[in-house]
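Working notes for the structure below.
Keep in mind that what you see is a predicted model, and the values were worked out from it rather than measured.
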Protein chains: 2
Amino acid sequence: MNFPNRKRLILQMVEEKGSVEVKELADLLQTSEITIRRDLTAMASDGLIYRTHGGAMKVGLATNPVQFVNKTAVNSENKDHICRLAAQEIKDGEVVFMDCGSTVFRLCQFIRNKRIQVITNSIPVVNELMQSEVTVNLVGGEVDPARQAVHGLIANEHVARYHAHKAFLGVDGISAQHGLSAHSETEAGMTLAMASQADDVYLLCDSTKLEKDKYVQFAPLSLVQVIVTDPQASADVLKLYQQQGIRVLN
Amino acid sequence: MNFPNRKRLILQMVEEKGSVEVKELADLLQTSEITIRRDLTAMASDGLIYRTHGGAMKVGLATNPVQFVNKTAVNSENKDHICRLAAQEIKDGEVVFMDCGSTVFRLCQFIRNKRIQVITNSIPVVNELMQSEVTVNLVGGEVDPARQAVHGLIANEHVARYHAHKAFLGVDGISAQHGLSAHSETEAGMTLAMASQADDVYLLCDSTKLEKDKYVQFAPLSLVQVIVTDPQASADVLKLYQQQGIRVLN
DNA sequence: TCGTTTTTGATTATTTTTGAACAAATTAAA
DNA sequence: TTTAATTTGTTCAAAAATAATCAAAAACGA
């Protein structure tokens, strides 16, 4: 076993497990501990891993350029629940849209091993899925640094060139009476673009967003086929949506 | 058994198994180890395989798939020199292309505070420049995980919609006789697309790439206006380029 | 056929990689 | 704070792989 091969395997292990030990690697790669140490030192000086006493760690935490602006942390339990449900809907071979919402971002970890194609305008989603089984298609256009996503006219045109089985979208507000609403027009534009090119539109929104109206009201409820939410959602409210022919998962 | 035949079989084996050993090949192809070594050396210089001690690997497996922050570490002094020169050429208000080379990536740190617009197909460049003064425009299309960049037909079309003052591009090889060459056709396509939409094409390449021919030769030297390289570059070689009307910075 | 060129193989010297031993440094525990 | 246990850096030697040189064999063209 030569260095490039070991390097590849070590890197893969570090990525998977987060951290590794010298002994563990020496055992696994059938070589001496000192050789492993040398490998780790070399890799660390290249910035590939973070060297620790007795092993190495994923550099990702420090290097991974952008963490999702911590919005992911709030309400995380409910969001994971929503994402688990949504992930179950995705079959191998499908093409899906994912927009730049924080809930939608959480979906990444549940679909890493699916053989699907994801079309997205979210930079964090691309970073997350780039090293996974998923094939990623990135929407081109102006980058909006605040939202860490691509938006605008060109972006919408790009989306219009594709067709997907499913679209997984986030919104800032949803109500039976006024439909979907958002904080900004640019986000609304992308949501519309993706929705109109997908067979089924899935809205991922935790229960705090139900029956709330925000700045821009941009689409009727009929745009969506499925709403995925958490168990805290009131049954009465959900019934409102179901009466309009929408499937509800919670 | 002649060289073309061995070459074909070796390539096939490398593709299948990911990595091969000299002994293994000598045994299988009924020839001596030294002949195999010669074959491997020749193939490696064409960029078909990655040479290792005792064998060879698939190119994709050897080049680290994640974080190419490491690649920037090798030859970093020379690369910084190149980037400093290149950065000085960029004036506020300009629009520039940046491709997905590792040298080009290093340019990011030198242009963070410029009021310019960058159009790029490189994910690391986007991550790096997203929180800076620079306005970023991302090229859309299929994401190539190995290169951490967007490539392909759609990507090239996207580039064709824009015009830039300058393009900063990396290549794998350059020679006075055969022009520009690359390891893969997809990279070559993006380079061409950007070059044809820019007023001035700047080639960022350290001296190790001068007078080297790689797998795909895709453009004549006349495509570029400026070559930026390091002080190690031989004056004789640079003169060759200057005679063809190219400006050389080093 | 002969002479030339190309390819292959063998030998030796050099380089690279690996492993072992031991002192120095770091961490954890008392 | 001191002691013990790990881990690491350093030096050296052995093993493996490579480069370089030269000779033999095969292929080629006249």
Paired with A:F168, the side chain to side chain contact (heavy atoms under 4.5 Å, CB included) test is passed by just one of A:D99, A:T103, A:L107, namely A:L107

What about A:R38: does its side chain form a donor-acceptor pair under 3.5 Å with the base of D:dG9?
no

Between B:E89 and B:K166 (salt bridge meaning N to carboxylate O under 4.0 Å), is one present in this structure?
no

Answer yes or no: does a side-chain N or O of B:R51 lie under 4.0 Å from OP1 or OP2 of D:dA17?
no

Taken to the nearest whole Å, CG/A:L25 to P/D:dT8 is 12 Å

Residue-phosphate contact under 4.0 Å: B:T31 side-chain N/O, C:dG9 OP1/OP2:
yes

From D:dG9, D:dT7, D:dT18, pick the nucleotide closest to the side chain of B:V22?
D:dT18

Does one side chain, of B:Q217 or B:Q177, offer a donor that lies under 3.5 Å from an acceptor on the other?
no

C:dG19 base to A:R37 side chain: any donor-acceptor pair below 3.5 Å?
no

I want to check one thing: is the phosphate of C:dT16, taken as OP1 and OP2, less than 4.0 Å away from some side-chain N or O of B:H53?
no

Closer to the 5' end of DNA chain C via nearest nucleotide, is it A:I36 or B:E33?
B:E33

Using 0.5 Å steps for rounding, measure from the OH atom of B:Y202 to the CD1 atom of B:I82.
14.5 Å

Can you tell me if B:T35 touches the phosphate of C:dG9, counting only side-chain N or O atoms and a distance under 4.0 Å to OP1 or OP2?
yes

Assign each of A:E21 and B:G54 the nucleotide of DNA chain D bearing its closest heavy atom; nearer the 5' end lies the nucleotide of A:E21

Nearest whole angstrom, please: distance from the P of C:dA21 to the CD1 of A:I34.
11 Å

Checking salt bridge (Lys or Arg N to Asp or Glu O under 4.0 Å) for the pair B:K17/B:E24: CA distance, chi angles, key distance, verdict?
CA-CA 12 Å; B:K17 303 188 32 173; B:E24 183 187 7; 2.3 Å; yes

Separation of C:dG19 atom C1' from A:L29 atom CG, nearest Å, is 16 Å

C:dT18, D:dG9, D:dT10: which one has an atom nearest the side-chain heavy atoms of A:T41?
D:dG9

Does D:dA16 have OP1 or OP2 sitting under 4.0 Å from an N or O in the side chain of B:K23?
no

